[in-house]
Amino acid sequence: MLDSMRAEHPALDAPTVETRTDAAQDIEVSHLPYAIVLADANNFFASCETVFNPQLAGRPVVVLSNNDGCVVSRSAAAKQLGIVNGTPWFKIRGQAEHDGVIARSSNYELYASLSHRMMHVMSGFFSHQEVYSIDECFLHNTMGRARAEQTCRQMRSTVLRGVGIAVSVGVAPTKTLAKIANHWAKKHPTSHGVTFWNDIAKECGDDALRSIPVSEVWGVGRRITKTLMGMGITTALDLQRCDPVLIRHRFSVLLERTVLELRGTPCIEDESDASSGVRRTQILCSRMFSSPVRGFETLSQALSVYAQQACHRLHRQHSLCGRVAAFCSTSPFAKEYSHIGNSVILDDPSDNPMVLSKAACNALRHSIDEHAPYIRAGVMLLDLSDAQDFATFEGMDAQRDEHGIGSVLEVAARRFGPRRVGIGYGGIRGSGRNDADTGATWTMRRDMLSIRGTTRWDEMPIVHA
DNA sequence: TCTGGGGTCCTAGGACCC
DNA sequence: TCTGGGGTCCTAGGACCC
């Protein structure tokens with residue numbers, strides 16, 4: 001396959017000497033074969049469900065997205081039943097329940113709390129940690145081979161014992177290869193959860209990368225896979241052998257970096273360094289409704305709640321917002337799909353929930369179709385700036401939270417818990433366990449929610465001794 | 001009936017200026 | 001007055017990630 005393709009794409013013949021291109025130039029090129037450690041929890045959400053409910057261990061468990069929409073995490077037993085991530089729950093529910101599958105609504109409070117504990121434990125084993133997502137982190141290793149392996153195994157068992165979550169560890173010279181090594185550790189039980197890329201490369205040679213479909217390489221998504229396949233590039237090995245310069249011209253510097261990383265040249269930077277403390281450049285809060293919403297009146301209730309949630313995050317990172325965007329859409333699966341979005345530039349940057357909430361509603365006030373069934377809406381806070389950098393002349397700061405409503409809400413949230421107090425529908429909390437169980441038709445459905453055992457006093461597990 | 005949510009980065013193209 | 005070329009800045013949209 002590759003040979004026939006070379007005739008058409010002579011540039012695919014990779015030079016034997018590694019070429020360093022712009023993508024790699026700014027970054028210190030360290031070829032330490034064990035520099036990057038990637039620790040990634042196995043089936044994280046499903047594993048979290050098992051931590052406080054040990055009866056679930058070994059059984060097929062799936063965790064569903066908001067509104068109990070689709071499957072977002074599966075236990076090993078659920079994977080064996082052939083359940084695929086992203087599948088709408090309603091399509092497989094019958095068969096799954098027949099097979100004894102246990103479904104859970106997503107319980108983000110629990111997952112965030114366990115993630116925090118897991119990351120804290122792991123940070124103690126290596127000099128530097130970059131938390132990449134809720135269930136994975138990169139760790140920087142400066143130890144030699146033997147000590148590195150010992151440390152990885154020790155870290156793994158400490159997390160398992162202390163937090164109850166199994167993690168897999170991949171070690172390699174670059175992040176992209178560490179991802180592959182991590183994947184390998186998950187797939188091959190003989191690795192006992194820790195895999196060094198060097199070992200695989202030595203043992204299997206080119207067959208290691210040849211066995212990995214190009215679609216599984218980190219940074220290669222669905223669209224790029226399709227184009228690459230059309231060019232005859234089907235495996236990770238094919239991609240590694242491409243000319244990086246050609247790839248940049250044909251695709252982008254991002255994919256060029258992927259090629260270089262597959263060759264062992266690190267070029268993906270540490271993102272945690274740049275932003276000491278996590279400061280987002282945009283804040284988005286959006287939800288699907290549990291049933292369609294018609295008319296501006298009801299829609300604006302939802303927009304107001306989302307604006308307040310976004311505002312809460314804005315406060316937390318001490319930012320001001322310069323532009324508020326809002327959008328809503330009908331079902332993309334319906335015959336007539338429509339998506340409406342608009343943004344409002346604020347006179348002055350603001351962190352006032354009243355101002356942001358009003359702006360979000362105004363953004364859509366005149367453009368929505370009063371009769372259309374909207375199934376989703378969202379609010380985006382854009383043009384964020386540091387609150388400390390912003391100073392106005394006295395008397396000119398009308399947009400700022402002059403009544404201190406935002407601060408009052410923040411204090412109330414700290415004291416009474418989130419979503420107890422708010423503007424409009426923002427503070428209504430029903431009697432049920434669902435915070436959003438307000439009687440409004442659009443709030444989220446979470447029918448199969450497990451206990452939030454680490455964040456709610458009233459839901460703490462009881463131990464019978 | 002029922003199909004997630006929250007981010008980031010890059011690029012192309014338009015507007016503007018010299 | 002007209003014109004071309006090139007730089008910069010901004011924005012929308014696309015692609016990716018988990």
Side-chain angles (χ1 to χ4, degrees), chain A residues 22-23 38 40-41 43-45 62-73 84-94 96 103 105-108 111-112 115 130-138 175-176 179 182-183 215-228 247-258 267-269 271-272 274-275 278-292 306 309-310 313 317 322-323 325 327 329-334 337 339 341-343 345 373 375-384 441 444-448:
Chain A
D22 294 348
L38 172 62
D40 186 320
N43 323 321
F44 184 58
F45 295 170
V62 297
V63 175
L64 306 178
S65 62
N66 283 341
N67 278 317
D68 299 336
C70 22
V71 175
V72 290
S73 179
V84 178
N85 256 353
T87 314
W89 177 234
F90 76 90
K91 279 190 181 170
I92 56 164
R93 184 175 182 165
S105 305
S106 37
N107 185 346
Y108 288 105
Y111 310 150
S115 166
E130 181 189 349
V131 175
Y132 180 72
S133 74
I134 193 163
D135 72 333
E136 65 188 295
C137 66
F138 291 106
K175 289 182 174 178
T176 305
K179 279 268 183 189
N182 186 285
H183 206 77
S215 59
E216 283 179 21
V217 175
W218 190 43
V220 179
R222 260 209 339 260
R223 297 296 272 269
I224 290 178
T225 297
K226 214 175 141 194
T227 314
L228 287 174
I247 288 293
R248 181 174 56 206
H249 289 145
R250 194 66 206 274
F251 298 90
S252 71
V253 292
L254 295 171
L255 197 62
E256 181 195 18
R257 284 182 199 147
T258 302
C267 30
I268 297 176
E269 284 199 70
E271 280 161 27
S272 70
S275 55
V278 186
R279 177 161 285 159
R280 311 263 170 234
T281 57
Q282 62 181 54
I283 292 172
L284 169 70
C285 183
S286 86
R287 293 278 181 285
M288 302 265 308
F289 302 133
S290 51
S291 58
Y306 303 158
Q309 282 179 22
R313 279 188 252 159
Q317 64 170 36
R323 191 157 59 101
F327 62 87
S329 62
T330 59
S331 168
F333 303 99
Y337 172 65
H339 176 97
N342 205 354
S343 74
I345 295 171
I375 60 131
R376 171 197 195 89
V379 172
M380 232 184 288
L381 306 185
L382 304 163
D383 300 351
L384 306 190
T441 54
M444 197 161 73
R445 191 167 55 226
R446 292 204 291 180
D447 293 338
M448 296 163 278

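Per chain, numbering begins at 1; letters A, B, ... match sequence-line order.
If you measure from atom OH of Y111(A) to atom P of dG4(B), you get 17 Å, rounded to the nearest angstrom. To the nearest angstrom, P of dG4(B) lies 19 Å from CD1 of I134(A). The separation between R280(A) atom CZ and dC18(C) atom C1' is 12 Å, rounded to whole Å. In this entry the distance linking NZ of K91(A) with C1' of dC2(B) reads 10 Å, nearest Å. Distance K175(A) NZ to dC18(C) P: 12 Å, rounded to the nearest Å. The distance from atom CG of L38(A) to atom P of dC17(C) is 14 Å, rounded to the nearest whole Å. Distance, D40(A) CG to dC17(C) P: 14 Å, rounded to whole Å. Rounding to whole angstrom units, OH of residue Y108(A) and P of dG6(B) are separated by 9 Å.
Every residue was checked against the ring pair (Phe, Tyr, Trp, His ring centres under 6.0 Å) condition with H249(A), not counting sequence neighbours, and none meets it. Qualifying side chain to side chain donor-acceptor pair (under 3.5 Å) partners for N67(A), counting only residues two or more places apart in sequence or in other chains: none. Shown here are the side-chain contact (heavy atoms from CB on, under 4.5 Å) partners of A310(A), two or more places apart in sequence or in another chain: I283(A), C285(A), L381(A). Residues passing the ring pair (Phe, Tyr, Trp, His ring centres under 6.0 Å) test with Y111(A), sequence neighbours excluded: F45(A), Y108(A).
Residues I92(A) and V71(A) meet the side-chain proximity criterion, which asks for heavy atoms closer than 4.5 Å.
Among the duplex regions that DNA chain B forms, those built from at least three successive Watson-Crick or G-U pairs under 3.5 Å are B:5-18 with C:5-18, ordered by first number.
Between the C1' atoms of dT3(C) and dC17(B), the separation comes to 15 Å (whole Å). Remark: the separation of the P atoms in dC2(B) and dC18(C) is 30 Å, to the nearest Å.
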Practice problem: Mark up nucleotides 7-16 of chain C, 5' to 3', with B wherever a protein heavy atom is under 4.0 angstrom from a base atom, S wherever such an atom reaches only the sugar-phosphate, and - elsewhere. | Solution: --------SS

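Relative ring orientation between F138(A) and Y132(A) is described as perpendicular, the plane-to-plane angle rising above 60° on a 0-90° scale split at 30° and 60°.
When each of N66(A) and F90(A) is assigned the nucleotide of DNA chain B bearing its nearest heavy atom, the one mapping closer to the 5' terminus is F90(A). Mapping Q282(A) and S331(A) onto DNA chain B via the closest heavy atom, the residue that lands nearer the 5' end is S331(A).
Looking only at distances, a side-chain donor or acceptor of S115(A) sits under 3.5 Å from a matching main-chain atom of I134(A). Panel note: side chain R446(A), backbone S106(A); a donor-acceptor pair is recorded below 3.5 Å. With Q317(A) contributing its side chain and R280(A) its backbone, the two residues share a donor-acceptor pair below 3.5 Å.
Nucleic acid contact class of R376(A) (heavy atoms, under 4.0 Å, all strands): sugar-phosphate only. Counting non-hydrogen atoms under 4.0 angstrom, N67(A) reaches nothing in the nucleic acid. Backbone-only engagement by K179(A) is indicated by non-hydrogen atom pairs under 4.0 Å involving sugar-phosphate atoms exclusively.
One finds no salt bridge joining E269(A) and R257(A) here, because no Lys/Arg side-chain nitrogen approaches an Asp/Glu carboxylate oxygen to under 4.0 Å.
In this structure, Y132(A) does not pack face-to-face on the six-membered ring of dC18(C), missing the 5.5 Å centre cutoff or the 30° plane limit.
Applying the 4.0 Å criterion to OP1 and OP2 of dG6(B), one finds that R313(A) has a side-chain N or O inside that range. For dG6(B), one of the phosphate oxygens OP1 or OP2 lies less than 4.0 angstrom from a side-chain nitrogen or oxygen of S286(A).
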